[in-house]
Every structure is written in C-alpha cells, then in structure tokens.
Amino acid sequence: MSTAKSSSVKPSEEIENVVIRLAGDSGDGMQLTGNQFTAVSALAGNDLATLPDFPAEIRAPAGTMAGVSAFQVHISSEDISHPGDKADVLVAMNPAALRSELSKVHSDATLIINTDEFGERELEKAGYDSNPLDDDSLEGYYVIDVPMTSLTVTAVKELGAKRRDAERSKNFFALGLLCWMYSRNPDDVKDWIDERFASDDLIRRSNVTAFDVGHAFGETTEQISITHVVESADHPPGTYRNVNGNTALAWGMIAATQLSGLQSFLGSYPITPASDILHELSKHPAAAFRTFQAEDEIAAVTSAIGASFAGDLAWTTTSGPGMALKGEAMGLAVSLELPLVIVNIQRGGPSTGLPTKTEQSDLFQAMYGRHGESPMPVIAARRPADCFECAIEAAQVALRYRTPVILLSDGYLGNSSEPWRIPDVDDLPDLSVEFATESNHENPDGSMDFWPYLRDEATLARPWAIPGTPGLEHRIGGIEKQDGTGDISYDAVNHQLMTDLRAEKIARIADDLPPPEYTGDLDAEVLLVGWGSTWGTIASAVERLRKEGILVAHLHLRYINPLPKEVGEILRSHRSVIVPELNMGQLSRMLRAEFLVDAQPLNKVAGLPFTVGEIEAAVRKAVHGDDGGSK
Amino acid sequence: MSTAKSSSVKPSEEIENVVIRLAGDSGDGMQLTGNQFTAVSALAGNDLATLPDFPAEIRAPAGTMAGVSAFQVHISSEDISHPGDKADVLVAMNPAALRSELSKVHSDATLIINTDEFGERELEKAGYDSNPLDDDSLEGYYVIDVPMTSLTVTAVKELGAKRRDAERSKNFFALGLLCWMYSRNPDDVKDWIDERFASDDLIRRSNVTAFDVGHAFGETTEQISITHVVESADHPPGTYRNVNGNTALAWGMIAATQLSGLQSFLGSYPITPASDILHELSKHPAAAFRTFQAEDEIAAVTSAIGASFAGDLAWTTTSGPGMALKGEAMGLAVSLELPLVIVNIQRGGPSTGLPTKTEQSDLFQAMYGRHGESPMPVIAARRPADCFECAIEAAQVALRYRTPVILLSDGYLGNSSEPWRIPDVDDLPDLSVEFATESNHENPDGSMDFWPYLRDEATLARPWAIPGTPGLEHRIGGIEKQDGTGDISYDAVNHQLMTDLRAEKIARIADDLPPPEYTGDLDAEVLLVGWGSTWGTIASAVERLRKEGILVAHLHLRYINPLPKEVGEILRSHRSVIVPELNMGQLSRMLRAEFLVDAQPLNKVAGLPFTVGEIEAAVRKAVHGDDGGSK
Amino acid sequence: MTTTETTTTAVDIPTTKRADWQSDQEVRWCPGCGDYSILSAMQFALPEMGIRREDTVVVGGIGCAARFPYYMNTYGIHGIHGRAPAIATGVALANPDLSVFVVGGDGDLLSIGGNHLLHALRRNINMTILLVNNRIYGLTKGQYSPTSEQGKVTKSSPRGSEDSPLLPLSIALGADATFVARTHDMDRQHMMEVFKRAHAHPGAAFVEVLQNCNVFNNHAYESITAKANREGMIIPLRQGEPIRFGPDDSLGVVLDPRHGAVVVNTADVSEDELLVHNEARDHPSVAFALSRLSPNMDEPTPMGVFRAVDRPVYGRNPVETEPPGRQLISDLLHSGTTWEVD
Amino acid sequence: MTTTETTTTAVDIPTTKRADWQSDQEVRWCPGCGDYSILSAMQFALPEMGIRREDTVVVGGIGCAARFPYYMNTYGIHGIHGRAPAIATGVALANPDLSVFVVGGDGDLLSIGGNHLLHALRRNINMTILLVNNRIYGLTKGQYSPTSEQGKVTKSSPRGSEDSPLLPLSIALGADATFVARTHDMDRQHMMEVFKRAHAHPGAAFVEVLQNCNVFNNHAYESITAKANREGMIIPLRQGEPIRFGPDDSLGVVLDPRHGAVVVNTADVSEDELLVHNEARDHPSVAFALSRLSPNMDEPTPMGVFRAVDRPVYGRNPVETEPPGRQLISDLLHSGTTWEVD
Ligand SMILES: Cc1ncc(C[n+]2csc(CCOP(=O)(O)OP(=O)(O)O)c2C)c(N)n1
Ligand SMILES: Cc1ncc(C[n+]2csc(CCOP(=O)(O)OP(=O)(O)O)c2C)c(N)n1
Ligand code: SF4
Ligand code: SF4
Ligand SMILES: [Mg+2]
Ligand SMILES: [Mg+2]
C-alpha cells in the first residue's frame, strides 16, 4: 500500500475522520474534484463514502442557487458506511454555493471560500443582501479566505492559456489545497491529471499548475497552521479499488455474463441516474455484452424479452418513470417465464420528480406495478460495491427459476463510491444453464413432444429451448396457457393452477436463500429493519448506539420478494420494530401485512439519504418513549 | 307494470327462481338470445342477474370447445344479486356446448339439446367418442331432445330464406321455447325483433317465425308437461330498466358531465372488456361528451390530462394491460393535481391473460402501479347499476380534490345486467366547480400574483385556472414544485412537504365519506369484507347463512383509498375476518397492514365470479373450524 | 433472415413442404377471414426460402393477424399489443442467423406500435414484417384503425371517423425502409413471391398485405382485389419495366412534378414518358410518389416491390458471442487504479 | 391556433411586446445553448401573431428544449418524455380557440414520442410543433438520438452509433402533415417568419428547428448555418419561385426521377428545368423529395416552408360545449325499454 507522504513543513495532527463538502457552480467541476479527492483518499487507505448532490439542469445560469453542484466525502481511518450527516469542511467556490450549502455543515465548520467570486454581481445572483464575508453572518465558522480564481489565473496564464481557460483550472487549485490540508499524496493526483488530460497538453499543464499553486497556498498561508492526517483504515488484506454503485452494477452484469457462459443483451433507454450503466456496458463488446439503445423503455424491455427468448442473458436498466412504462411488458415476461433482469436506479418521484436525487419510493411499484397476479422476485442492493454481487445474484435467480427479476438500486448508491476489496473471481458462483435439447413429454402413443411449460419439480422452472434447436419449436405468449403444453387455455381450473404455480415458483426461491443479514444485539428491544441504500446509515447508527450501551438490532433485507424464511421470527423477537425508508412506508406495510407485527415506519422523502442522527433519534425515542435527550 | 301472459294450455307451476344457461357456438348468437331472455324477464318484473361467458376469439372454428359461447341468467321473484352457482336448465346448441358446459349445471338439471347438431362430425369436433344422447352419460339429467335446426329451417325456408340463412334463426327458436317454458310475454320479444331487424324484412320475419315455432314446440311436445311462472319480484315502486355495468358506467359519466356543467373529454383506446364504454359515449355528442380514440393508452391518458388542464372533465377508460401503460402518466396527473377519472374494467391477468373473463387482480396496480409516492383515490363499483353512481362519485372526488381518481369495475360487472330503478335526476348531486378567475397571492409589495399551488384549506385542492382566463397564466409540470408558487424546486424540505400534502389531500377525502355498507349480524363472529363485483355473491351467501341461523356480517368497500374511518373498528369487532377476492389476496393484505387484523384471504383466480356456495363454505369453516357439513 | 446467397447455396437445408410449417393448433379465425390465405401463402412460400424450421421465429403482437405465430410450426412469440417489432429486434440481435418474421395488424403495427415499426425500419434490423391491413380493429370487434378511410362509421365512430388514414408504405418510406412492398390476400402467387423476396432481403423488409376482415370490414378492397376488378385496378410493379396496366396495358404511370405519380392513358403519352419501375433507386422519393397512388384504396393501386436497396444491416458492430470467462472479470475488476492492503 | 383571417382582423387583441411573453423564471439552459435564440425568436414573433397570452398554451415533453413552457408567460405544461403531442391534442380538442404550441427535442418527439407526433400530424390537430433538433440527447448528457449521424461517438455509442438517422421532415411528410417547415437557431428573422407562418396554419404545423447543443454536440450544423457557409449551403424555399441559391444563384434544384431532388449548377440546366417551389402541392411527393436533400446535414439544405396545404382540422364533428343539464340525464335513463312498478 502506498502511503501518503506529506511534504508539509507545518505540524500535522492525526484525526479519525473528516467530512468535506465541495460546492460550486455546475460548470466548476465539483463532481470531478470530489471524485479525485475521493480517489487519492482511497489510495491513502482510508475508508470512505461519498454523496454527490447536483441539480437536474445540465448547467443552470452561472452563479445562481439553482446551479450549485455539491459533492460530499467522508474519509476515515475506521470502517464507515455513510457520507456523514454534516460536513466539517466546506469549500465554496462562489456565494451561491456558500448560501445554499451552509445548512449542510456543522456550526463550527471550516469554510474555504473563493473570495474572488464575492463581487457585488455574484452576491446579488446568490440572493445575498450584504457580503457574508464582511458582516458577522459567518460567526462561529472558521473562515479561510482564498483568492482561488486570481491565483490560478495568474499562474496558469503564464503557460499561455487564455484568461477564460485559465479560470477553468481553479477546481484543481481547490484540490491542491485540500490535498495539502489532509496530507494526500500529490503525485497520485498528478498522475491522474496526466492521464486524463493527455490529449490536450495545455489543459493538462494548466491543471497541474493550478494544483501545485493550491498545494503551495496551503503551505504558505497563515490562515492554516496545521495539516491533518487521516490514517489508513484497518481493511482486511486484499487488492482494493474505488467503485461507485452504477459501475459496480455494470461490472456485476458483465461478471454474470461470464459466469453464465451466455451472451448478454441490454435493452435500455437513457435516463438519469441509470444511464451510466448503459454507458459503461457499451464499452465492453469483448465481454459478450451487446447494448441496444432502444427508442423508449417499452422497446428496451421488449427487445430484452425477445433476446431472452433467443437465448441471451437479458437485462434492462432504467429509473422510476421508465419502470412505469415497462409494467405491461413485465407482465408478459412473467407469463412467458423467461429469465430477465430489470434494474431500477430509483430517483425522487412522483412523475419527473427530482431526477438527480435519491429515494426508495419505487418498492411498491416493483412489487405491484403490473396488472393481474404477476409475482416477481425483488432484490435490493445495500451499498455501492454490493451492486456487483446483487447483479450476479439477480441473474442467478432469473436463470435458475426462469423468471424476470427486479433489482433495485438508487441514485445515491449509483453515484456514490467506496473502496472495494476486489473479490477473487474463483469465489464467484457458476451460473451456467442448460438449454433444452430434447423433447420432454411422451405421448400415450409413445411419440415424443416438447412441452414448454413442463416444469422442473424442484424449482418449477420451465425448460428454456432456444431457436436454432431442432425439434423443440414452440410458441408462447401472454394469453393464459395450459399447464404443460403451453397451449392457449381459457379453462378456469387451469388458470387457477397456473396462477398458483407462478406464485409458488417465486415463493420457493426462499428455500435457496441464506439467512438475512441480522446483526447487533439480538436480544434488543428495538429492531431496525432496512432495505437497500439505507444500510450504511442504519449500520452506523446501530454501532454508535451500541457504544452508548443502547441495545439495538439491525435486519437488512436483500430479498424483499420472497422474504427470507427467518424474517417473521426475527421481527417477533423484538418488542419494537422500526423500518427506516426513504419513502412513505412501503416495506413497513409489507411486513405488517405479512407478519401482523406492529412495524413502525420511519420515513423521509427529501431527495437525500437519512442522516445517522435521524436513525439514532428514532431508536432513542423507541427506547425512552421520547427523544430521550438525543444529542 | 306489464304482466306476462301465459298463452299455454298446459298447467303452470310457480317457482321462486331459476338459473338458465344458454350455450352454443360463437356464431350462434347466444349472447343476443340470453340478453333478450333477460330483457323479457325484467319486463316480467323479475329480479335477475346475468353472467355472459364467451371466448376471446371473434369466432373460433365452428363446433369446437374453443368456440363455445355461453350466457347464464338467474331470474327470481326474490331479490337476487348473483347469476347463480349452477344452472337448472342448459340449452346446448351443439355437442361442444354440451360437453364444455355440463360441469356448470346441477346434476339433475334440464338439458334442452339441439339434436340436429349431434352428427358424427360434430361429436368428433367436440371430442366425444360416442354420442352422449345415446349412451348413459346423461343419466340423472332431464333431457329434452329438440331438432331445433331442422324445425327452424323448415319453417323459415317457406319465407324464401336460403337454408344457411334460415339456420341462423335457430337461436330464436330456443328463445321461443324458453319463453314458453317460463311464461314470458311473446309480444315483448316480437316487438324487440321488429325494431332490431327493421332494416331487413326477411331476417325480421325469419326470426319471428323461428320464435313462434319454438314457442309452439313447447306447447305441443310431450317432453314438457308443465310451464313455470316466476312471479314478479317485490321491487320498490318506480320506473325500471335493464342495464349492464358498462352502459351504466357510460351513463354515469354523462350524468357527471351534466351535473358538473363542464364539457367532458374521453381519451381511450379500445380494449376488451372496456371498449363498450367508448362505443356508448361516442354516441352522445349532444351530451357535451367528446370521445377521442387515441393511438394507444398512453396518448389516451395524456390527452385527457391536456383536456383537464384546459378545463374539461376528463376521463380515460381501459382494462389491465392498458392500465399498466398509463402508470407513468398517472404519476404526472398526481403531480399536476388535475381532476381526471381513470376507469379500469378488470379482466384476467397477468399479461394478455384471459381477456374476456373477469378478475379483481388489478387492485394493487391501482394502489401502487406508479413510481414514487403517488397516492390516488380508488373507488370500486359493486353491481352493474352501481357503476352509474360510482362514475358520478369518482368525478365528484376528482373535481373537488383536484386529483386523478381510479374507478375499478370488471368484466363481469361490465357485461352482466340487472333491473335498475331509474333514479330521480333531482336527487343527483351538484358537481359544479368554480374555475379560478383571479390572482390569489398578495406579494409583500401589495401586487397580486396567481399561485397555482395555493391550496384550499379544507380540501387541500389547488385552484383550477384554465387557459383563456386573463392574468392567471401559469406553468406546471411533473418536476417537484415549490409549495404555493408551483415553481420548480429541488429543495429537500419542500419535497417532504409536498409529498406529505399530496398524501394528506387524499387521506382527507375520508372526512367526506359516508359510513361503508355494513350489514348482517353486527355481533357476528365472522365478518366478510368485500369490494367490487363480489358484492352480490357475498350478500346472497350472508342472507342464506343467516336464514340458517349462522351469524355473519358483511362489510363492502366502495372506497379502497382512502378507507372509510369506520373500517378499523368494524374489523376489530369481529373475531374472524374473511376477505373474499377474485385475486390472490390484495385487499386482505392492505387491511392487515393498515389495521394489524388477521384478515384471512379467500381467493379465486379462475376467470369467473365466486359461487355463493364457495363463500358459504368459507364462513362455515370459520364458524365450525372445518367444512362443517357444508351442503 | 438469410441473405440471397445463403438461400441459393444452402445445400444442406432439408426439403420441406407446406404441412411441415403448420403447427398442431386449430386455427381460430372467423370462417372466410383473409388471414387464412395469408397464412397458407406463407406456409407455401417457406419451403422455397431455403431455411430450417428451427431457425425461424415468428413474432406477433395482439390482434387477429397477430395470432399468426401459433399456427406456424416454428419458434414463435405472441407478444403484447404493438411491441412485436421491438421483441423481434431482440430476437434478431441475439441471434443473427435466425429468420425473424413479424406479423401484425394495422392497429398493432401502426397505432400503438407505430413507433417501434418506424425504428425497426430505420435501423434496418434483420426481419420480415407483414403488416396485415384490414383497415379495422378485428379482435376488439370493429373500431376504426389508423388506416380506416375518413368518415368510416364504426362502433367507436358512429358519426364517421375524423382521422385521415396513414398509408403504411409512405410511413415506411418516410423512415427510409430498405425493402417496401405490397400484396393482397386474394392472390396467393403474388403473396408468395413477395414474401420470398422480402425474406431474402438483408435487413428490415416491410410488406403491406391487404386483407379482408369479412366480419367487421367486409369488401374493404373489393373494388381493387376482386378478380373482376384487378385488371383495371391493380398496378403491377415489375423491375425494369415501364409501369403499365389495365386492359391491353392501356393505362400507365408517369411522374409529374405537381402531383407526384399519376395514372394516365398510355395513348396520351409517349412510351418513354412512362415511369420505369426501379426498386433499387437509392433515393426513396419515387417509391414514395408511388405509395401515394390510391390513398383511399379505391383507385388503381400498385402491387409488388416498391423499393429494395442495400444498407448495412443493424448489428454489425461486433460483439463477442461467447463470453471469454472468469479471467475477463478479473481483468475488469483490476483495471484502473487499485491498491493493496496486506 | 387562430387562422390567418383572425390574425388580420383581430382588432381587439392588445398589442404586446417580447417582454410580455417572458415568464419570471430564470432560464436554465447552458450558456451559449441554441435554445436561447429559439426562445427569443418565438417571443419576438408572438406579438405579431395577433393572439392573447391567456389564449396560448405551450406544451413540452422532457428534455432541454422541452423546458420551453417554463419560460413563456402563457399557460403551459411541462409534461412527460415524448407525450407532448398527445397532451397538446387534449388541450386543442378541449378548447379549439387556443393557440397550442408543442416544443420538444429530437429524442422527445422522434424517439420515445415518434408515434404521438405521427398521429397528431395525420389527424391534423390544431397545434404548432417545434422539433428542436440538436441531434443529441442534451438533458441526459450526451447519448446519440434518432437524428444523430451514423457512426457518431457518444456516451452510449463509444464505437459509433449504428442507427441510421431519421429525417424529421420525411417522417412528417410520410404522415401527410399539412404544414412542414425547417428553420435554424442562427437566423432569428427566418425563425420568426416560419413560426408565424406555422402558427397561422389551420391544423397541425410541423417545424424542424436546427439547434446547436454547444455542450454535447457543438458545431453540429456549423457547415450549414454558420454565417460564412450559409450562402452555399442553405437552399431558401420561396413560394412560386424556382429554387436557386449559392453565390450569384449559381446553384439550383431540379427534380430527377432517379434521384428525387438534386442540386445542380444553374449554368448546366435551362431556367424552366429548375424546380419551382410550391408549398401548396396537394401531393406530398415533391416536398418529400426536397426533404431528402442533405440527409446527413452536410450538403446544401433547404430552409423554409416545404408544404402548406389545407385539410380539415380535426375536431369538426360537433360536440356540445355546454352540457344541456339534468333533463338530458333523465331522457337518457328513460330511453329504450322501461317498466313501472307501483
Ligand atoms: C395494451 C393493449 N391495448 C389494447 C388491447 C386491445 N386490442 C387487442 S387487438 C387490438 C387491435 C386489433 O386490430 P389490428 O391490430 O388491426 O388487428 P386485427 O385484429 O384487425 O387483425 C386492440 C386494440 C390490448 N390487447 N392491449
Ligand atoms: C420516460 C422517460 N425516459 C427517459 C427520460 C430521460 N430523458 C430526459 S430528456 C431525454 C432526452 C433528451 O433529448 P432530446 O429530447 O433530444 O432533448 P434535448 O435535451 O436534446 O433538448 C431523456 C432520454 C425521462 N425523463 N423519462
Ligand atoms: S374479426 Fe375479421 S380479421 Fe379477425 S378473424 Fe374475424 S374476419 Fe378475420
Ligand atoms: S445540454 Fe445542450 S441542449 Fe441542453 S441546455 Fe446545454 S447546450 Fe442546450
Ligand atoms: Mg386490423
Ligand atoms: Mg436533442
């Protein structure tokens, strides 16, 4: 492991963790800067979690609140799993960034402010009546004034860049300063700049220069007297990388392809925050992955159904509104009993809602967003790296049970990143399938037929006979089918049977499931039940509470349909069950209905993850009957 | 009231009720015959309920089981509300009809068989190895052999009709015979024939002749020694008519239009079993009803949203698969908070499923079939005539609360008919609305603005300001909006607020609701909770059980969202709660989640309504802990 | 779909006959429905296409015509309304060696499914699309369709439909379809020829088949397709020949800048003013002009192949067909920046 | 949309200026985006259309261009992706006195929304549709669109897109649209003229507006629309005039049966061989031929009104606008067979 070498002459102090928030205009490159600071922190061996937070517009008017783009990173020498409730440090590139983000930092936070942008016009655009740097509105904060723009421009112009272009490098100034403050290895950043901007030497050199100037500013300014070191975290041995949820998911899809031995087909239509999966996968034709950008979400899913019929491992990726459009076709997939994985990177709803913000409000849609009785397995990923595993698992269930499967992630998971110990590929499961090659039904006269709905006794899966296989020609469709033959049938008894079989097939998946993740104090009065991306926050809250001596347990569900068999017993063994969800109480209702347990919803629909404090407060209230002196 | 005059010379016996099933080839006109027998029975003052049961193909190969089309009618001198579990009389026009329908009649039923069609080829097509009329397979039944085809042809050919055309009238022979057997007034039928076939005199006369021959056959055959009289039922005074659910619904939509004073707009795309609503409404431009046959269901609902924005009372009608396609747009309607009624005539699912059969499996879809948190009121009609009232009520809620509303009916309700006491139009509610005409928000400087999301304090409804109104120009969309102004907002606190407000607005509808229909023994141990078209069957079962001394109560929900306030208390006041549904247990899960009451599902997914016996058996089991000697 | 080349060199394709292509399912169309003759023309033509049953996939949407797959002894999907071209796209991309057929009605492929049709055509996905045009919604019992004539009285248009009809071939040509043809249910030979040509075309082949729905729109094309009317009302398109038809070839088609293509008396024009039919014109404008003849299907109507041009078939960007295996996963996971903890 | 007549006789329409049509919302496009000039051209043109703000409804789908409604001080709906033409259909049918505008991108109106566009055009619904074509998905940050050139490298097509592009005008003409025009974001005067013509057209008016997305597809049309290139690359369509352009009108367009419309040196042809532009040709074939010029937008490209013909506007089947009232319900309920119980 490479260690960060601090080139500073100032004293340095060790800290356990820090939450840094970068905020600027949409055009200021805050996401890039944040991601790069994350990357060097990962290289420094820290554990970390990030929270990108940007507007839906490509680039709203410069300098306005609407245009502010922010990125938060939590770095730590301990295991962490959430991006931090409030930031310790805010980098504000302009007045709008300061104004819009101030509520998201601690009241004694360090504010690193690009003072060059605090002219009258900029202040007005941000809606400030007076300059916050001059009045006492920032009292309590530790304010560091940095003329980032001018320092950058002065240095970069010397390379021959035009003023406007020179200005663009100012985010690298900020990155340099932060790297100095937190003793990150400058070479890691510079290597990356060299690679990333290899195609334009002037830009490359401008960025390196800006970075150096920022770094040097830290060393020389009297406003900062000390650097900080966040020691590397105590990770288990292995090879690590940084990964965000969408990339991990795409790679999981590629891995499933390799493990199955099948060609993969992705039918997709771009939509935030799912598009990056399409982008990533379209780079890997050598991985036997064909991506098809369809004309809409309906064509995306129906083309995937066609590909599945023809023997591909088929996928479709989207977000809520696109999911709504796929409902009818999902019903077809249920009826055809073909393998298919449908991925929903959830975002804020209803309707267009908050396209770039996170939410968990599509769970009901996943469970019930189709007409008729059309049960489907629903799997949810809990952290960025978990998306990799979940993609493989979704494919495994789809292939084994010949069923469409819904895989839920969300905008937060998709965009945020964490260090990931790269798994040993030999530990990954074998997903190979056997296509049908022969007739399977003997007629009374001894002749043989192929019956497409003759099921495997254990899994109730039907045979997968693909075009090109002689003798197994068959026709299937969305009209109710005769059990066995698959012929059209309007028979009452058969319809009940088929409905029961489709339900039973999904229910049986529970036979294969490992026990759900259930940790903490198993004898606790309070149980927190979560699913999906709330995992990190809930786990952190549980850890903190237990340190305080408050007994609490945590059940986190990967499978929401079917529920693992152990869930009922676990729920019943705690007096108080709290279900935190970024929706109005969807899983909690499902649990209540299934187990008649008084599971209490803890809901938040604000486009943002829970804070650890919010979870803690709810538990304290349950334990003490009130807010119980929550700090 | 016109009384049936029996022209028979044979003795006649009074019976309380009879269930008659007509079955023949899709081309045999069984639906027409059944409906006409229903009409004359209604005119005779009977109470009645019907169950049309036909295949999805327009006309499958003649003589095959796949082509059998059946119609069941239950007529009674008592109040009835279900089509009868098993038939007392089966009219079988060919062997396939006999074979496919025999399981649907009592084991001692009367079978009226068109013997002319029982040739070798026809028997083979139906899959009979030997002629059931000759072997003893019909033992126990009372078989009446009638050479319908030949008797009809002989008589009708005399009018100059070709043999093939003459044959077509044989269903009128059957109708004549039935009318004789049940002492229906022949003139009522003949008047109708005269009107219906006015444009083709030969057909008109052929049908009258066939009817007369059938009628005469009854009088003369020795196989029938007695006629039956079903006395008129003891209906409250008033003017009555026969109506099926889809017509009642269409008329309710027209009524709502008149009561609101608005023009109506229907955006629809044909689909079984909802198309008839579009057909009926397109006949009534004078009722200020514009119908628009869109290119698909998405255009159907989005055009309706546009019309609503422009000030029309807007509707869209469909069935399950079409409903699935509308999900995304429904989310838009939720976000825009515009009035809109979305009607789903449910059919068997999943996917194309059983297009001409009934089911209640789209309840979850109605509740949850959208992404994000997008609550909508859900109303369900319970009997054919109730569709009229429900349409008015759905419009009332939509207009009052400025919200999309889902109205659920199903294939059984839509196609089956019952006598209906025509309501006094003066008793119908006033649905008039006030469009916004003025600015509603005073700015600090005293100037006025129009804020499209400034809500009514009581209902939380927002103002409806329609294009053409000067000064109220405004823009709304599916992105999250700032409370009040309606401007785009990505603010976290505001998103929570708007989510809460949208939920609260729907929840408040419960304040306006009358108590739900709750009848039977209110101190009973067993409560049956139903919704929608199961009403008649459940009510009949309750009546029968109570006659036997078994205590049972019946709660039937018109509003599924929001639930009436009384529901929780009612559920808790019975030891055992049974929820019969034509699905796998959707309402029961909702009730369990909401009230933590151990509501037990009673499910059937067979494309057919429950039988009264099925409900009875479930109650007996609950009372006695087993089947308890159910008969 | 195999290319022409494959068809001719396919020595190892077993000989089949019509019956081999018939499934064991009872055909459930109304007696007298034009779909029967289309089905049988296809089943007669298939043995001449040089393909195997197991390599053939028929995809339908929903509608009477869209039931086609059930009756074909091949692989088949009866999909959902309007989506057959999209489903077929997935089939065709997953396995380019298959012969993929799409069959749907005018409602299925032009109303709810119009967009998928458009995009399948412009992408030039390898499939043969039969649009079975009866100018009515059959399966839902008689509403007007996007090809119904204006003013048509149907269940959903008791005062006559207001919509002006789409011409399927114009739409296809507007999307720059590479193969565009028309045939009709009354002429089995013609259907067979067109079906074979369409199948042999590499890429997306679009065929409009005029079909009579005798229950809900009887005699829709009688004025054109009835035996007695054909001579004067059907304009046969023959590659390389001047377009003539009618008794003694007394009628012909000329191009006219004002009106596009027009029918003239051959006596009134000189031989070389007649439009010479050329399917292979790269530019779709002439084919488009022909597609606008007889917009209401009550004037002389061209039949045959309007256009047949080459354009790369979609799916040529190579994708590995067999996943290389676990090593690829490992390489991928280790790509970019990594670090070791020990 | 008001008819031309209304525009000229509208004495009681208050005079407006550009600012009256600007809403109080901050415009949130990227600096330099072509959408700004389209918006301002529209806002400059509106005062000359003789309509009132309150009678104007702007409907967008989803995409950068589709944000248009927010910036217009009129009634407006920002709908869902692809559905603007369908939403606008409802608006237009509910109130035929409104001026209804639809604004959407090439993805919005041709990819997910292609079918609604097609059907709105063929029905001739009373609305003005601006298809803002930047040949890219802007709002979702740069994937190829249905109008992107083949081989385009984007985020979703790292090896170059395989799709061959749709030409919006060909699609519109294939659907028999009654008004079809093209303009571009670099010429405000031209945009204003076209917008006014489109709005004055009774029925559906379709306008393709070439637009530069400087963030994800910069310079897409530079070879045509840059000031320096226009003379040789833009073919202005002027009603009744032979089509000429280029330095000293040295270039022109002729019709050619083999290739449709082709660009020639005027020196090489006689004056009357040049195609005389006539928007009013009932038959869409010549307009179609013009729409195929410059299929990749890198050759001389016609601008202006390709077609403007009359066809009845949808919605003329009369429907009562005010419900007659309760008596109608009573009559309806008592229609047909009834009986009395007393
Ligand atoms: C989503 C959906 N909408 C509507 C329907 C109902 N539907 C079935 S077939 C059909 C149209 C049939 O017309 P066409 O496609 O022309 O086929 P034809 O029956 O005339 O051959 C419709 C509207 C459906 N099955 N699914
Ligand atoms: C149902 C649905 N699918 C996908 C999206 C994501 N999306 C938003 S805009 C857009 C396309 C934008 O391209 P275009 O229509 O050309 O407009 P532009 O941004 O280029 O102006 C897409 C795919 C969405 N909002 N809704
Ligand atoms: S309804 Fe028409 S198209 Fe359908 S099967 Fe019958 S005749 Fe054929
Ligand atoms: S992304 Fe492109 S189209 Fe969208 S606002 Fe920016 S420049 Fe304009
Ligand atoms: Mg049709
Ligand atoms: Mg675009």
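To find a chain, count down the sequence lines: A is the first, B the second, and so on, and within it residues start at 1. Source: prediction; values computed, not measured.
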> Which answer fits Pro85(C), side chain, backbone, both or neither, if we ask what part of it has an atom under 4.5 Å from a heavy atom of chain A?
neither
> Please look at Arg52(C) and chain A and tell me whether the side chain, the backbone, both or neither of the residue comes under 4.5 angstrom of a heavy atom of that chain.
neither
> If you take all heavy atoms of Pro323(C) and Gln263(A), which pair is closest and at what distance?
CD-N, 4.2 Å
> Between Asp191(A), Leu259(A), Val243(A), which shows the greatest number of heavy-atom pairs under 4.5 Å with chain C?
Leu259(A)
> Nearest 0.5 Å, please: how far is NE2 in His235(A) from CG in Asp342(C)?
13.5 Å
> Between Thr321(C), Val91(C), Val57(C), Leu332(C), which shows the greatest number of heavy-atom pairs under 4.5 Å with chain A?
Leu332(C)
> Tell me which of these, Ala88(C), Ser23(C), Gly90(C), Pro69(C), has more heavy-atom pairs under 4.5 Å with chain A than the rest.
Gly90(C)
> Pick whichever of Ile77(C), Thr337(C), Asp55(C), Asn115(C) has the most heavy-atom pairs under 4.5 Å with chain A.
Ile77(C)
> Under 4.5 Å, counting heavy-atom pairs only, tell me which of Asp296(A), Thr291(A), Ile488(A), Asn242(A) racks up the most with chain C.
Ile488(A)
> Pick from Ala329(A), Ala314(A), Ser303(A), Ala294(A): which one has the most heavy-atom pairs with chain C under 4.5 Å?
Ser303(A)
> If we define contacts as heavy-atom pairs under 4.5 Å, which of Gly478(A), Ala299(A), Pro470(A) has the most with chain C?
Pro470(A)
> About how many Å separate CD1 of Ile466(A) and CG of Asn95(C), when rounded to the nearest 0.5 Å?
7.0 Å
> Select one option (side chain, backbone, both, neither) describing which atoms of Trp420(A) are under 4.5 Å from chain C's heavy atoms.
side chain
> For Glu322(C), is it the side chain, the backbone, both or neither that has a heavy atom under 4.5 Å from a heavy atom of chain A?
backbone
> What's the shortest heavy-atom distance between Pro236(A) and Val341(C), and which atoms?
O-CG1, 3.7 Å
> Tell me which of these, His334(C), Arg53(C), Gln25(C), Glu54(C), has more heavy-atom pairs under 4.5 Å with chain A than the rest.
Glu54(C)
> Would you mind checking which part of Ile422(A) comes under 4.5 Å of any heavy atom in chain C, side chain (CB onward), backbone (N, CA, C, O), both or neither?
side chain
> What's the separation between atom CZ in Arg326(C) and atom CG in Leu428(A), rounded to the nearest 0.5 Å?
6.0 Å
> Could you tell me the separation between the CD1 atom of Ile479(A) and the OH atom of Tyr70(C), rounded to the nearest 0.5 Å?
4.5 Å
> Are the side chains of Tyr75(C) and His474(A) in contact, using a 4.5 Å heavy-atom criterion?
yes
> Is the shortest side-chain heavy-atom distance between Asp449(A) and Asp24(C) below 4.5 Å?
no
> If you round to the nearest 0.5 Å, how far is CD1 of Ile392(A) from CD1 of Ile329(C)?
6.5 Å
> Checking heavy atoms, do the side chain of Arg122(C), its backbone, both or neither come under 4.5 Å from chain A?
neither
> Hey, is Arg123(C) close enough to Glu295(A) for a salt bridge, meaning N to O under 4.0 Å?
yes
> Given 3.5 Å as the limit, does a donor-acceptor pair link the side chain of Arg475(A) with the main chain of Phe68(C), or not?
no
> State whether the number of non-hydrogen atoms from other residues, nucleotides or ligands found under 6.0 Å of Asp234(A) atom CG is greater than 12.
no
> So, Arg241(A) side chain and Gly336(C) main chain: donor-acceptor pair closer than 3.5 Å or not?
no
> Mind listing the closest non-hydrogen atom pair of Pro318(C) and Pro285(A) along with its distance?
O-CB, 3.5 Å
> How many angstroms lie between atom CG of Leu328(C) and atom CZ of Phe289(A), to the nearest 0.5 angstrom?
11.5 Å
> Taking the inter-plane angle between the rings of Trp339(C) and Tyr240(A) on a 0 to 90° scale, is it parallel (under 30°), tilted (30 to 60°) or perpendicular (over 60°)?
parallel
> Identify which of Thr469(A), Ile305(A), Thr257(A) forms the greatest number of heavy-atom pairs closer than 4.5 Å to chain C.
Thr469(A)
> Could you have a look at Gly477(A), Pro452(A), Gly468(A) and say which one has the most heavy-atom pairs with chain C under 4.5 angstrom?
Gly468(A)
> Is any side-chain heavy atom of Arg83(C) less than 4.5 Å from a side-chain heavy atom of Val301(A)?
no
> What option among Gly76(C), Ala86(C), Gly315(C) has the most heavy-atom pairs under 4.5 Å with chain A?
Gly76(C)
